[in-house]
K.L.:
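Would you mind keeping the following structure in view while I ask a few things?
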Amino acid sequence: MIGVISYLVFFATTASILAIAVLGLNLQWGNTGLFNGGVVAFFGAGAYGTLILGGTAQAGHLGGYGILYPLALLGGMVAAGLMAWLVGLLTLRLRHDYLAIATFGVAVAFENLMRNAEWLAGGAKGVRGFERPLREALGDGFLYNLIFFAAVLLILIGVYIFLERLVASPFGRLLRAIREDEEAAQSLGKNPARVRLTAFITGSVILGLAGGLYGTFYAFVSPQDVLPTLTFQIWAMLIVGGAGNNRGAIFGAFVIWGAWTASGWALSRFAPVDVQLYTGSVQFILIGSVIVGMLMWRPQGFLPERLVVSQRGKP
Amino acid sequence: MAEPILSTERLGKSFGVLKAVDGVSLNIRKGAITGLIGPNGAGKSTLFNLLTGALRPDSGTVRLNGQDVTAMAPDRLFGRGLGRTFQIPRPFARMSVLENVMLAPIGQTGETISGPFLMRGRMQQEEQRIRDKALEVLDFVTLGALADHPAGQISGGQMKLLELARVLMGDPALILLDEPAAGVNPVLTATLIGKIEELNRQGTTFVIIEHDMDFVMRHCDPVIALAEGRVIFEGTSDEALRNPHLLDAYLGAPADV
């Protein structure tokens with residue numbers, strides 16, 4: 001029994017962390033129409049940033065600053081935001097598909113940098129020596145995981161409330177206008193370049209927060225954590241849940257992560273042994289099929305965008 | 001003539017070998033409803049895009065109230081009192097009609113990422129004011145009842161009225177309308193004209209691109225005609241009707257009809 005509950009907590013923690021990431025992407029794509037094809041780079045910047053800043057001293061690579069955990073997490077978010085600022089200045093002039101290609105390239109470059117620059121983040125071996133916060137007080141057992149889950153859940157709720165307020169404000173109105181028709185918005189006195197950059201950075205900071213929590217949860221991050229697979233997973237979550245709808249984003253994260261985990265389990269249990277070798281590849285095909293299928297038959301997702309309005313006309 | 005509200009000097013814009021706008025110099029009189037006519041491909045819309053900053057000219061200058069605004073971005077020109085609509089209406093489709101209009105005022109407190117959180121009280125007061133004004137403007141253009149509708153679902157003519165409403169939120173001194181009557185049913189056209197003339201009496205200057213000669217002759221004065229990127233006529237509507245050049249270039253010889 002405790003085993004099942006323990007597993008559920010583990011599952012829900014990962015799903016909640018991913019839900020935070022999907023919310024960040026939703027601000028960029030769902031609300032502003034920015035096609036970020038390099039989600040994992042900003043997620044990774046948060047994870048690496050947090051672990052390098054908050055870890056213990058290590059030989060051979062940057063890090064071991066042992067900074068107080070909340071500050072380290074904040075540092076990870078800042079790292080993701082700085083990267084988004086730089087990438088945004090260079091690529092945000094690009095429209096839809098070109099922006100997607102450019103950001104995808106950034107993510108591949110990020111992974112390669114992390115894999116090869118050993119002095120920076122341990123290369124292929126990853127960043128080690130990170131101690132999870134309050135570990136001494138809480139130990140490594142079930143209690144720790146439960147409290148960590150509660151903390152992640154609180155952060156998820158906080159991010160959700162922040163974004164809901166934001167999209168219902170004049171700023172949200174501005175984002176939607178840029179998404180719908182940039183030129184028309186500019187003719188009404190709005191500066192699309194600035195708005196796009198602000199939304200891109202804000203979404204990326206949220207992605208960085210998710211990455212920081214992810215790194216904290218595993219107390220480890222390596223180039224294996226920043227593969228394009230994660231970008232596709234997070235996109236699948238948003239598309240399935242419903243782009244433009246924050247509840248849809250969270251729903252999609254749990255559904256897709258559940259399907260991913262279940263398919264992995266089912267394959268390892270029931271598939272012939274020679275297929276089991278390719279579990280990862282089979283899952284990859286499955287997630288691709290889910291994206292294609294949704295886009296063909298229900299492009300608005302399970303929880304479509306509602307007509308979000310900042311103000312109503314007649315009371 | 002009093003100082004023009006908008007003027008251009010030898011304005012030029014080419015696309016490859018095509019000279020879309022070829023050395024256009026003109027003055028737009030303050031307080032008038034100027035009609036801009038010309039056959040398809042005469043350069044009317046390109047000229048509009050140069051005047052509103054949507055395109056950068058290759059040569060020449062644009063002055064607004066005597067100040068050089070050549071190649072200034074559209075958002076800054078809107079802030080200086082120049083509003084425009086589009087030939088094909090461009091509503092923010094997945095936003096309500098009211099939100100389309102409430103978007104327009106510039107420098108809103110809640111328009112920044114921190115505003116909705118750090119200056120909540122001020123933002124809410126401002127929202128109340130903007131909402132009241134937006135509903136007033138929507139009533140003015142007869143769209144009041146559609147305030148909560150998605151803007152993508154109203155008719156093409158209503159979209160033209162919506163574009164005018166959006167522009168009015170900025171209290172512009174000069175409004176450029178690109179084919180406001182095209183594809184709009186006669187009843188809505190009459191409504192639109194009525195509103196334009198009412199605003200004009202209150203002091204707003206208009207420049208209107210229009211294909212419908214009848215419309216231009218009845219509602220616009222003066223009239224400017226373009227052909228092949230050049231100004232071929234400038235004068236009153238009566239003069240325009242009697243001008244043989246213009247009839248040739250624009251209407252074609254009677255035998256062709």
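Throughout, a chain's letter reflects where its sequence line sits, starting with A, and its residues are numbered from 1. Given the structure is predicted, the values throughout are model-derived calculations rather than measurements.
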K.L.:
Examine whether an atom of B/T112 lies under 4.5 Å from a heavy atom of chain A, and if so say whether it belongs to the side chain, the backbone or both; otherwise answer neither.
P.N.:
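Backbone of B/T112 only, per the 4.5 Å heavy-atom cut-off to chain A.
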
K.L.:
Can you say whether A/T202 sits under 4.5 Å from chain B via the side chain, the backbone, both, or neither, judging by heavy atoms?
P.N.:
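Side chain only.
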
K.L.:
Could you tell me the separation between the OG1 atom of B/T52 and the CD atom of A/E183, rounded to the nearest 0.5 Å?
P.N.:
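Between atom OG1 of B/T52 and atom CD of A/E183 there are 8.5 Å.
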
K.L.:
May I ask you to name which of A/A199, A/P170, A/P192 has the most heavy-atom pairs under 4.5 Å with chain B?
P.N.:
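When all of A/A199, A/P170, A/P192 are compared, A/P170 has the most.
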
K.L.:
Distance from A/L174 atom CG to B/I113 atom CD1, nearest 0.5 Å?
P.N.:
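Going from the CG atom of A/L174 to the CD1 atom of B/I113 covers 10.5 Å.
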
K.L.:
Taking side chain as everything from C-beta outward and backbone as N, CA, C, O, which of these in B/L98 sits under 4.5 Å from a heavy atom of chain A? Side chain, backbone, both or neither.
P.N.:
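It is the side chain, since no backbone atom gets that close.
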
K.L.:
To the nearest 0.5 Å, what is the distance between OG1 (A/T198) and CD (B/E111)?
P.N.:
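With rounding to 0.5 Å, OG1 (A/T198) is 11.0 Å from CD (B/E111).
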
K.L.:
Within the structure provided, determine whether A/R165 and B/F117 are in side-chain contact (heavy-atom separation under 4.5 Å).
P.N.:
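Touching, per the 4.5 Å side-chain cut-off.
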
K.L.:
Check whether A/A185 gets within reach of chain B through its side chain, its backbone, both or neither, counting any heavy atom under 4.5 Å.
P.N.:
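Both parts, heavy atoms under 4.5 Å.
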
K.L.:
Distance check, rounded to the nearest 0.5 Å: A/K190 atom NZ versus B/D75 atom CG?
P.N.:
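These two atoms lie 9.5 Å from each other.
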
K.L.:
In terms of heavy-atom pairs under 4.5 Å, which option from B/A134, B/G79, B/A93 contacts chain A the most?
P.N.:
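Option with the greatest count: B/A93.
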
K.L.:
Does the side chain of A/D181 reach to within under 4.5 Å of the side chain of B/F86, using non-hydrogen atoms?
P.N.:
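Of all side-chain heavy-atom pairs linking B/F86 with A/D181, none is under 4.5 Å.
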
K.L.:
Does any heavy atom of chain A fall under 4.5 Å from the side chain of B/Q108, the backbone, both, or neither of them?
P.N.:
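When you check distances to chain A, only side chain atoms of B/Q108 fall under 4.5 Å.
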
K.L.:
So does B/I88 have more than 12 non-hydrogen atoms from other groups sitting under 6.0 Å from CD1?
P.N.:
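Incorrect, the count does not exceed 12.
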
K.L.:
Quick check on A/R194 against chain B: is it the side chain, the backbone, both or neither that has a heavy atom closer than 4.5 Å?
P.N.:
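No part of it gets close to chain B.
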
K.L.:
Give me the contact list for residues 167-178 of chain B versus chain A, heavy atoms only, anything under 4.5 Å, ordered by residue number.
P.N.:
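B/V167 fall under the 4.5 Å cut-off.
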
K.L.:
Would you find a donor on one side and an acceptor on the other, under 3.5 Å apart, between the side chain of A/E180 and the backbone of B/R94?
P.N.:
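A pair under 3.5 Å: yes.
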
K.L.:
Looking at residues at least two apart in the chain, or sitting in another chain, which of them share a ring-ring contact (aromatic ring centres under 6.0 Å, His included) with B/F78?
P.N.:
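Residues passing ring-ring contact (aromatic ring centres under 6.0 Å, His included) with B/F78: none at all.
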
K.L.:
Please classify the contact of B/R76 with chain A as side chain, backbone, both or neither, using a heavy-atom distance under 4.5 Å.
P.N.:
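Neither part; nothing is under 4.5 Å.
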
